[in-house]
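Encoded as C-alpha cells, the structure appears first; notes follow it.
Hydrogens, waters and symmetry mates are skipped; everything else that's a heavy atom, side chains included, is used. Here is how names work: the chains are called A, B, and so on, in the same order as the sequence lines, proteins then strands, and each is numbered from 1.
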Protein chains: 2
Amino acid sequence: MMNIKDIARLAGVSASTVSRVVNGKKYVKPEIRERVLDLVRENGYVPNNAARSMVLKRTFTVGIVVPDAFNMFQRQLFSAIERKLEGYGYGTRFFLVKAEPESEKACLGRLKAEMLDGVIMLLEVDDPEFYAVIADSGLPVVLCTFGRADLGLPSVHIDEEAAAKAATAHLIGLGHERIGLLAGAQFSFGKQRQAGYEAALREARIPVMAGRVVVVPSYTAEAGRMGMKELLGREADLTAIFAVTDELAVGAIRALYEAGRPVPDAMSVLGFDDIDISASLSPSLSTVRQPIAEIGTEAAEIIYRLISGVPAETDPIILPYTLLARETTKRREGRDRNGNMA
Amino acid sequence: MMNIKDIARLAGVSASTVSRVVNGKKYVKPEIRERVLDLVRENGYVPNNAARSMVLKRTFTVGIVVPDAFNMFQRQLFSAIERKLEGYGYGTRFFLVKAEPESEKACLGRLKAEMLDGVIMLLEVDDPEFYAVIADSGLPVVLCTFGRADLGLPSVHIDEEAAAKAATAHLIGLGHERIGLLAGAQFSFGKQRQAGYEAALREARIPVMAGRVVVVPSYTAEAGRMGMKELLGREADLTAIFAVTDELAVGAIRALYEAGRPVPDAMSVLGFDDIDISASLSPSLSTVRQPIAEIGTEAAEIIYRLISGVPAETDPIILPYTLLARETTKRREGRDRNGNMA
DNA sequence: TAAAATCCTGCAAACGTTTTCAGAAGCATT
DNA sequence: AATGCTTCTGAAAACGTTTGCAGGATTTTA
C-alpha cells in the first residue's frame with residue numbers, strides 16, 4: 001500500500017506538499033500540483049483514514065445504532081439518513097446491538113473506540129447510563145423514531161399514540177367495535193401504540209377488553225401469526241385487528257387465511273409503518289405511514305447541525321403520520337350482532 | 001476523552017504498562033494490574049481504534065460491499081456473516097455502492113482508506129479493475145452469492161442456473177407449459193436464472209417464446225407488478241409465472257389480484273430466494289430457498305482463513321438450494337387447451 | 001533598487017497506540 | 001558472592017497523516 005511519503009519521494013517533494021495537493025490547499029505551484037496529482041492517480045493513492053482522523057480528531061463519520069435484527073423500516077430509514085449525510089460529506093457506520101443488555105455495553109465501547117463525529121440512535125436502549133456516557137463525552141446524539149423526554153436529547157419521531165389512536169378510530173369509523181390488538185412489549189412504541197388503541201376505544205365508549213389484546217414477543221410475521229391464532233382461539237367474534245407493525249399484520253392475515261377467514265371480508269386488518277412491501281400485498285395492507293424519508297432527513301440534518309456546533313434544540317421534532325386506508329380494512333356490513341349500540 | 005496517558009498518569013505508571021494491562025499481556029505486577037483495571041473501568045477508558053490500527057496495521061474489521069438499496073435477502077446474509085465473524089473477534093463495516101459506476105470507484109477508494117483486513121462482496125461489481133486493484137493490494141476477498149470464474153477469486157453461491165431450471169421444472173411437473181418469466185438484467189443471477197428457465201423448457205420440449213419473458217429494470221415488487229401487467233397484456237394464456245426474485249413474485253401476484261386472476265387457481269407463481277416474509281404470505285409463496293445462513297457462514301469462514309494466512313481455495317463453493325413448493329404453485333387442472341402434448 | 005507582500009516549500013511536532021529494547025529488581029542456583 | 005533466570009517497568013520508535021512555523025523565492029509596491 002502506497003503512503004504519502006512514497007508519493008512524495010516519487011514526485012521529488014515533501015509529504016507536506018503531497019498533503020496540500022490531496023486536500024486541495026492553496027500555495028502549491030501548479031506544475032507540481034499536476035505532477036503529484038498524476039502520481040496519485042497512477043498509484044491509486046488514498047490517504048489512510050486512521051492516520052488522518054488521528055490528527056484531525058474527527059472522522060467525518062456518524063454512527064448509526066440499530067438493532068441487530070433491523071427490519072425493512074429501519075433499513076429504509078437508514079437509506080434516507082445515509083443519503084442526506086453523504087451530501088454533507090459525512091459517511092455512516094453501523095453499530096448493531098443485540099437484545100441482550102450486555103450487547104448495549106459492548107456497543108458503547110465500540111462507539112467510544114471509533115472517534116465518531118456523532119451518533120444517530122435508531123434503537124431504543126433502556127440503560128440510562130448509555131445515554132449519559134455518550135452525552136457527557138460531548139458526542140452529538142439524536143434519537144430517531146423515538147424520544148426520551150427525561151434525557152433532554154434531540155429526537156425526531158411521530159406522535160405514536162396519536163397515530164395509533166387515529167388508526168383505531170379508522171376501524172371504529174368503519175363500523176367495527178370488537179377490535180383486537182396485536183401489541184408488543186419490546187420498544188416503547190409498543191406501549192404507546194397500545195395506549196393509542198385504548199384511547200380511541202375509550203373515546204368511542206367501547207370497552208377495552210384485555211381478552212382482545214395479545215402482546216407478542218417480537219415484531220415478526222411469525223409472531224403475528226401466532227398472536228392472531230391465540231386471539232382467534234379466545235375471541236371468536238372480532239371483526240377487526242390492529243397490528244402495531246406491518247410484519248405483525250402480515251402474520252395475522254396469514255393466520256386468518258389458515259383459519260379460512262378472508263381479509264377484509266371476514267376481518268379487517270390494519271398495520272403500522274408502511275414497509276415497502278405493504279402496498280404490493282394482495283390485498284394491499286391498510287396501515288399508518290411514518291414519513292420515513294423525512295424522519296431520516298431531519299435526523300441527519302440535526303446531527304449535522306450539532307456536529308457543526310449549532311446549539312441543540314432539544315424539543316422533539318414531531319412529524320406527521322398518514323393513515324393509508326387500503327384494501328385490508330373495510331366497512332363492517334350486516335346485522336349488529338347484539339342490538340346495543342354501546 | 002481519556003487516553004492511555006491519562007490512565008497512566010492516574011495510576012502512576014507508564015503508558016506501556018497500561019497498554020499491557022488492557023491487552024492482557026503477561027509481566028505486570030498483579031497489584032498494578034488491579035489498580036490500572038479499576039481506573040480503566042472508572043473512567044470508561046477504551047483504546048482508540050485509529051491509533052491502535054495504525055501500529056498494528058490491522059483493524060479486525062472486514063468490509064461488506066453491498067448494493068445501496070440492499071434487500072431483505074442481503075440483510076439476512078449480512079446477519080449470518082456478522083454473527084460468524086464476531087465469533088472470530090472480527091467486526092464488519094458496510095460499504096454501500098449505488099447503481100452508478102462512479103459509485104464503484106468511490107467505494108474502492110473508501111475500502112483502501114480503511115485498512116480493512118478483508119472484504120466480502122455481496123454486490124457484483126462489473127468493473128474488472130475493481131477486483132484487480134483489491135486483489136493486487138493483497139486484500140483478502142470473497143465473492144458471496146455470485147462467482148466470477150475469470151478472476152480466480154474464492155466465492156460461495158448456489159448453482160443459479162440449476163436452481164432456476166429445477167424451479168421451472170417444478171412448474172412443468174405440475175402440468176404447466178405456458179410459463180411466463182419475470183427476469184432481470186441487473187446482476188448476473190438475472191441472466192443465469194433466465195438460462196435455467198430456458199434450459200428446463202428445452203429439456204421438456206416446450207418452445208422458448210420471447211413473448212413470455214419480461215425483463216424488469218429492478219427487483220422490486222412494483223417492478224414485478226408492472227412486468228406482470230405487461231405479460232398479461234401481451235399473453236393472455238399463461239398458466240404459470242416464474243419470477244426470478246420473491247419481491248418480483250409479490251408484485252406479480254398483486255398484478256394478478258388486480259386483474260382478478262386468483263393465485264394459484266388461475267395462475268401459479270413461483271419466486272426465488274425465500275425472503276423472510278415469503279412463508280407468511282397468504283397464500284404462502286412457493287420459491288427456491290438459498291441457504292442464507294450457510295452461505296454467510298461459509299463466506300465468513302473463508303475470509304477468516306484468508307486473513308489468517310491460509311492459502312486461498314479458489315474453486316467456488318457451491319451450496320445446495322431447496323425448492324419450496326408452497327401454496328402459490330398448483331397442479332394445472334382441466335382440459336389441455338390444444339390437444340398436442342408437445 | 002529596496003522594502004513589503006505574496007507565494008511556495010520542507011521540517012518537525014503532534015495525534016494515541018503497541019512493542020522492542022534495555023535495564024532494574026528479585027530470586028534461585030552455583 | 002557471582003551468575004543466571006524470571007519478572008517487571010519505562011523510554012523511545014513507529015504507524016501515516018496534517019499543519020504551524022520558518023525561511024526562501026518571487027512578485028508587487030514605493
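Side-chain proximity of A:Val13 to C:dG10, D:dT18, D:dA11: nearest is C:dG10. When each of D:dA11, C:dT9, D:dT9 is scored by its nearest atom to the side-chain atoms of B:Ser16, the top-ranked nucleotide is D:dA11. Distance from the side chain of A:Ser14 is smallest to C:dG10 among C:dG16, C:dG10, D:dT17. For A:Arg52, whose side chain is taken as the heavy atoms from C-beta onward, the closest listed nucleotide among D:dT18, D:dG10, C:dA12 is D:dT18. Here the nucleotide nearest the side chain of B:Asn3, chosen from D:dA11, D:dC15, C:dT17, is C:dT17. Each of C:dC11, D:dG16, C:dT18 was ranked by its minimum atom distance to the side chain of B:Ser19; first place goes to C:dT18. When each of D:dC15, D:dT17, C:dT9 is scored by its nearest atom to the side-chain atoms of B:Met54, the top-ranked nucleotide is D:dC15. In this structure, of C:dT9, D:dT9, C:dT19, it is C:dT19 that holds the atom nearest to the side chain of B:Lys25. Nearest to the side-chain atoms of A:Asn23 among the listed nucleotides D:dT18, D:dG16, C:dC8 stands D:dT18.
When the side-chain nitrogen and oxygen atoms of A:Lys57 are compared with OP1 and OP2 of D:dT18, none of them lie within a distance under 4.0 Å.
Projected onto DNA chain C by closest heavy-atom contact, B:Tyr45 and B:Arg20 fall at different nucleotides, the more 5' of which corresponds to B:Tyr45.
Using a 4.0 Å heavy-atom cutoff across all strands shown, B:Lys26 reaches no nucleic acid atom at all.
B:Phe94 and B:Phe70 have tilted rings, their planes meeting at an angle from 30° to 60° on a 0 to 90° scale. Using cut-offs of 30° and 60° for the angle between ring planes, the B:Tyr304 and B:Tyr90 rings count as perpendicular.
Scanning both residues, B:Gln74 and B:Leu122, for their nearest heavy atoms gives NE2-O, 3.9 Å.
For the helix from C:dT1-D:dA30 to C:dT30-D:dA1, the axis fitted to the five pairs at one end and the axis fitted to the five pairs at the other end meet at an angle of 50° (nearest 10 degrees).
With rounding to whole Å, B:Tyr27 atom OH is found 13 Å from C:dT20 atom P.
For residues 108-119 of chain B, proximity to DNA chain D is found at no residue, defined as any non-hydrogen atom under 4.0 angstrom from a strand atom.
Distance alone, capped at 3.5 Å, places no donor-acceptor pair between the B:Ser19 side chain and the B:Ala15 backbone.
Partners of B:Arg305 according to the side-chain hydrogen bond (donor to acceptor under 3.5 Å, both in side chains) rule, which considers only residues two or more places apart in sequence or in another chain, do not exist here.
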